Each structure stands twice: as structure tokens, then as C-alpha cells.
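All of these numbers come straight from a predicted model, not from anything done at the bench. Because only heavy atoms are used, hydrogens play no part in the values below, and waters and symmetry mates are left out as well, while side chains stay in. Here is the naming used below: chain letters follow the sequence lines, and residue numbers restart at 1 for every chain.
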Amino acid sequence: MEATPNAFPHRDAMKIWGMMWREIAFRKLNFGLALFSVSAAVACLVGTLTLLRADELRTDRLLAKKEAEVAKAGASLEDAIRRITKGLGFNIIILPEDQDLNEMHLEGSLSKQMPEEYVHRLAKSKIVTVNHLLPTVMKKLTWPETGLSVVLYGTRGEVPIQHRDPKKPLLDTVPEGTMIIGHHVSQKLGLREGDETTLLGHKFSVGKIHGERGNIDDGTVWINLAKAQELLGMRNLIHAIQALECHCAGDRISQIRAEIAGILPGTQVIERGPPALARAEARDQARQSAEDALARAVANRRELRGQREAFAAVLAPLIWVGAAVWIGFLMLGNVRERRAEIGILRAIGFRSSQILLLFLGKAFLFGILGTLLGFVVGALAVASLGEMPAGWELLRNPEAPIHFGLALGLAVALSVFASWIPALSAARQDPALVLQEE
Amino acid sequence: MSAVLELNQVAKAHDSGNGQRVQALDGVSLSVEAGDFVAVRGPSGSGKTTLLLIAGGLLAPDQGVVSIGGRDLGSMSAEGRARFRAENVGFVFQQFHLIPYLSVLHNVMTPAVAANIADAPERAEKLIAQFGLRSRAHHPTARLSTGERQRTALARALLNRPKLLLADEPTGNLDADNAGGVMAGLSDFAKNGGAVLLVTHDDNAAARADRVVLLKDGKQADAPAG
């Protein structure tokens, strides 16, 4: 017996895992190549998932931005169209029930009256189908001082509807003592802005002359409502209330008539058709075109994402199959290299299951280590591409554990599956054959 | 004394490789008792190694019965035979068959993985010391001399304290000194109540046996020892 002290400082029993670790340390290249294969497959999977996630986040951001831009542009467009179409004028006229419409259409004049208080009643109501209420008097007469036939139009500021936010008036108030005249009146009488003139014995200065409009406005004189009522002997009376219809869907005029009839009985409501329809359609079109633009942008991003997903769906499995084949060959080489070792292990009593464990345990190990390595490499690789919001975010993302679990499950399954046939061939190896060959 | 190893009318044929069957063993009967040191001799191809592999349950005979310690190996499953070998049989081969990634100590302890030997480190320590390998205990086997390798293989074969030790040309690659050491180890094992079946060409090795079995063309002809 030798007497060297401390020859056995570690009296650890031999275990199958110990054999596995020592074999890995002995054949580092074999294990390293298998580890690399798993890592590459996992990195590819994680990279693909991360890129798709990054693309999804970027798409969401772009679409949100686009949506805001479209909403803003749509609102601007709609507002512009609203203002343009408002220029077409009031399109709802509320008249006394007994007013002959032919008189208005043929002569541009109204004779039936209703209390001015009606407009205030309407303004105080909860009416929703009209806005921009404008009480008016409108009478065709011969201007006594000039002998010219004109339509005298008395108006004042719009009466705000009390339950709504105030709106910018469509028509400015005509200050008392001034008049606004149409193009034809100006031409006939030779009046210019700032000129003084007399109407029905009262002095007025010409505040503004409208350009030629080609309609009854060219022969109209606008003065302050109160003055018109005084001149026409209509104190607290008006001929009509003009209004702008709301942007209602469906049969608008029926809704308006029904609502006004409930508030102002004994009146009738007429609509000036084409301008109203044009306004409504233009506003609809403005909104629709903005929504279409956004829908197209969404569809394009979805299509692009679909193409990327389809590409990933082909590429990722190909890489995994390639990795599996490569691991299979590596393990087969490992089994061939260890043929004599397997023979002697079987001879000294190792069971098939222990031989299987020796190889599959190794596969399990490089599956786990490969996942860890590949997960980090995949995330770092994507992060290094720049402008990939999910690079580092992925690790903080709630989906990260799911991705990791998926990658781990797949990688271990891949490693064990790819090593299964080589390990089985090792476990079934006939030791007698090997030992006879030696 | 009861037989540790009993072969009764064992026959085994195998393919020669050119489509012809070769009768490797033909009606061989052999009994090795505890404390016996039996050598099997014969020319190449006489069936010596086949006999050894059948005796260890690594090959199944076509005919006949093989039993160790009264247990019929033919009645066991492959996994059952493996477990039985782990607990009852030790092997030593000419090519040593050491595991290259394990140290001397771990090679010696390898059977403990199969047989679940609780005091394997203590046993290994004693065997390593017994075979003069203490200073080499933690060395990889690649750094050992051939004599040290065979002594390591012998220590490994003895770790599970087998009833039967099967040795196939254990001195074939050794010089006289190392061969003498290995043969002494086998003799000691037999003297301590173990059964040894040695396959050898070496006259000196056969001379250490109590009994020699001669094989020729798969048939046996008992011969006196030495």
C-alpha cells in the first residue's frame, strides 16, 4: 500500500450526471457545435417574434399618428367645407302658416307676419335640428325717393340658441343708420360706399355694396331690423325666421318640421334644397375621404405584416429543421466516437435507460443552455438593428416570459427529438459486437 | 463448494461474413467454483472470446444453459442481465476499455453508477492503493502507462466485489513485470474466494491458473494446469 496522504480529498460518489459533465468537458467542440445550433434556432425564433412585435408596436404608433393627422386634416377639411357651404346662406325659412309661398318665390316679398317673440321662443327651446336663427322682415316696395323697386330686408344679429355654444354668425348685423345694397341698386342709383341717401324719409349711409350675385340680392336693400319694422309699421313683428339646418341623417326636413311644429304652432317650414344637400354631401364626403385614407393606411400595414408573418412562418421552421438535422448528425458522430465506451459500460452493467440518459441528458442540457444564449443573442441582435422599439422592451414586455417559455420548450424538444435516434442506437448497441471487434 | 459459473452444453454459431455459418462453440460444459482460477486456451478463432462473452451474459448461446451463482442467465431479460452483471461480474479486457474523459478514480468508480454501491469511494480508494495507483488517482487515463491502465481496469472490475471475474487476454499488451502484477491480482481475487475465468494465449499467465480448458474449433478438451 502506498502512503501518500490526501490522495482522495473529494470522496464524491460517481453519478451519471457527473459522467455527462466530464464528457462535455472532454469533447467541448461537439457540445459547442450543438449549443450553437440550438442558440441559432432560438435566436432566429426570438428575433422573428421580436421583429414582428416591433413592427406591431411601430405600426400602432404610426397608425395612431396617422389617425391623429387624418382626424386633424379631416376636421380642417370639414370645417373649411362647412364654412364654404355656409356661404351658400340660410336654407331653412320659418314662415307664418298662411303665407303664400308663390308671393315669396315670384315677387321676393312676404306679407304675412308673426311675433318677433317666436325667435326667442325657438332660441330658448331645446331645438336640435336647426341653428343660426335670424329674424327678418322682407317686403317688396317702391323706393319713394328714387322710384326704384327694391326688396327691403330688415335684419339684426342672430339670436343665439341658449342650450348650445355660441357660433360665429353667418350674417353680420346691419348697424342702425346704415344700409347695405345689392349690385343692381348701386348701379341704378349710382350709390357708392359711404354715400348718404334717404329711404322712406329716413337718412341712411351706404355701409357696404355687395358684388353681383345674379339673384334677388342684386335688387335688395338691407337695413337694421328695428328700423325696418318701424318703416313698415311692424313693431315686434317679423315675416320670417331664417335658420341653418343641422347635419342630420335621413329625411332632414321632416325632422325639422316635426320639431318646429311642436315649438311654434301655426308656422310652416320650407327648405332651400340644392345648397342644403350640397352642404350635407360635401361634409359627408370630407369625412368619408379622411376615413378612407386611414383605412387604406391600416390595410397597407396589415398586408405588410401578413407578408412578414408568412415569410417568418416559412423561414423559422426551416432553420429549426436545419438545426435538428445538424444536431442529429453531431449526436450520431458522438455515438460512433463513443462506441467502445458504450460497449464497456454495457458490459459492466449499465442498463439501456442509463445509456439513453447519458445522451438525452446532454441534449437536454444544450437545449436549456442554447435557449438562454439564443434568447439573449436574439434580443440583442434585434436591439442592435436600431429603431426597433421591442429590442430591449421585449425583455420588459409581459409577453417575454411567454416567448422564453415557448423558445425553451421548443429548443429542449428539438434537442431531445434530434438526439433521440442516435441515443436509441447507443442504448441498443450490442456490447458483444463491440468487444469482439476490439 | 457450489459452482459460481456453470456452462452446460453451450453452443453458439455465427456468420463468417461470407454467408457461411461458423460453429464458434459446440457443446461446451464448464463449471467454475468459488476460489477457482480457470484459464481457457486455444488457437485464434477457437471460440475463447465467445465463451467469455457468453459466460458474462453479453452473448446468448444458441443452445445450452449458462448460470452464475445458480441463476440461469437465459431466463433473464437483457436489462435484468445487465443489472445482474453490475452486481456479480467483473470484466477485464486486453484493450483496457477505460473511459477517456474520466480520471483513474472515476474510472474505477464507474460500476457504482450501474450497481448503486453506497461505499464506492472507499472501495475505490482501497483498490487504487492496492494496485499502486494512488499517485495517479486523479490523472486522466491518457497519461497512464499500459501497465497502469490495465491495473486501473482490474481495479474497476473488482469494485462491485464480483463473484466472477472474466478476463480476456489481460496481459496481451503488457511487459512481463506488469503482466505479473495483473496476474497476481487475479490470483489474489481467486484466493479470496472469487471465481476467475481467464482467456489467454500466454503460457505464463495460464501457468497461474488452477485448471486450463483447451478449446479447438469450438470444442473443449480439458488439460492440466501449467
Tell me, with the steps shown, if A:Phe404 and A:Thr371 meet side-chain contact (heavy atoms from CB on, under 4.5 Å). CA-CA 8 Å; A:Phe404 184 77; A:Thr371 303; 4.0 Å; yes
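- Counting heavy-atom pairs closer than 4.5 Å to chain A, the top residue among B:Ala157, B:Ser103, B:Pro100, B:Gly90 is B:Pro100.
- Side chains of B:Glu148 and B:Asn178: no donor on one and acceptor on the other come within 3.5 Å.
- Heavy atoms from other residues, nucleotides or ligands lying under 6.0 Å from CZ of A:Arg305 number more than 12.
- Taking non-hydrogen atoms and a 4.5 Å limit, the residue list of residues 164-174 of chain B in contact with chain A is empty.
- Of the two parts of B:Thr110, the backbone and the side chain both hold a non-hydrogen atom closer than 4.5 Å to a non-hydrogen atom of chain A.
- Separating the OG atom in B:Ser46 from the CG atom in B:Asp217 is a distance of 8.0 Å, to the nearest 0.5 Å.
- The candidate from A:Ser352, A:Ser353, A:Pro431 with the greatest count of non-hydrogen atom pairs under 4.5 Å with chain B is A:Ser352.
- In this structure, chain B has a heavy atom under 4.5 Å from the side chain of A:Ile344, while its backbone stays farther away.
- Annotation: B:Asp72, atom CG; neighbour count of heavy atoms from other residues, nucleotides and ligands within 6.0 Å is above 12.
- Heavy-atom pairs under 4.5 Å with chain A were tallied for B:Thr49, B:Asn160, B:Asn116, B:Val113; the largest tally goes to B:Val113.
- The aromatic rings of B:Phe93 and B:His97 sit perpendicular to each other, their planes meeting at more than 60°, with 30° as the lower class boundary.
- The contact between A:Gln354 and chain B is made entirely by side chain atoms (from C-beta outward), counting heavy-atom distances below 4.5 Å.
- Note: B:Tyr101 and A:Phe26 have tilted aromatic rings, judged against thresholds of 30 and 60 degrees for the angle between ring planes.
- Ranked by heavy-atom pairs under 4.5 Å with chain A, the list B:Arg85, B:Arg81, B:Arg156, B:Gln94 is led by B:Arg85.
- Residues A:Leu360 and A:Trp420 approach most closely at CD1-CZ3, 3.1 Å, considering heavy atoms.
- A donor-acceptor contact under 3.5 angstrom links the side chains of A:Arg22 and B:His106, judged on distance only.
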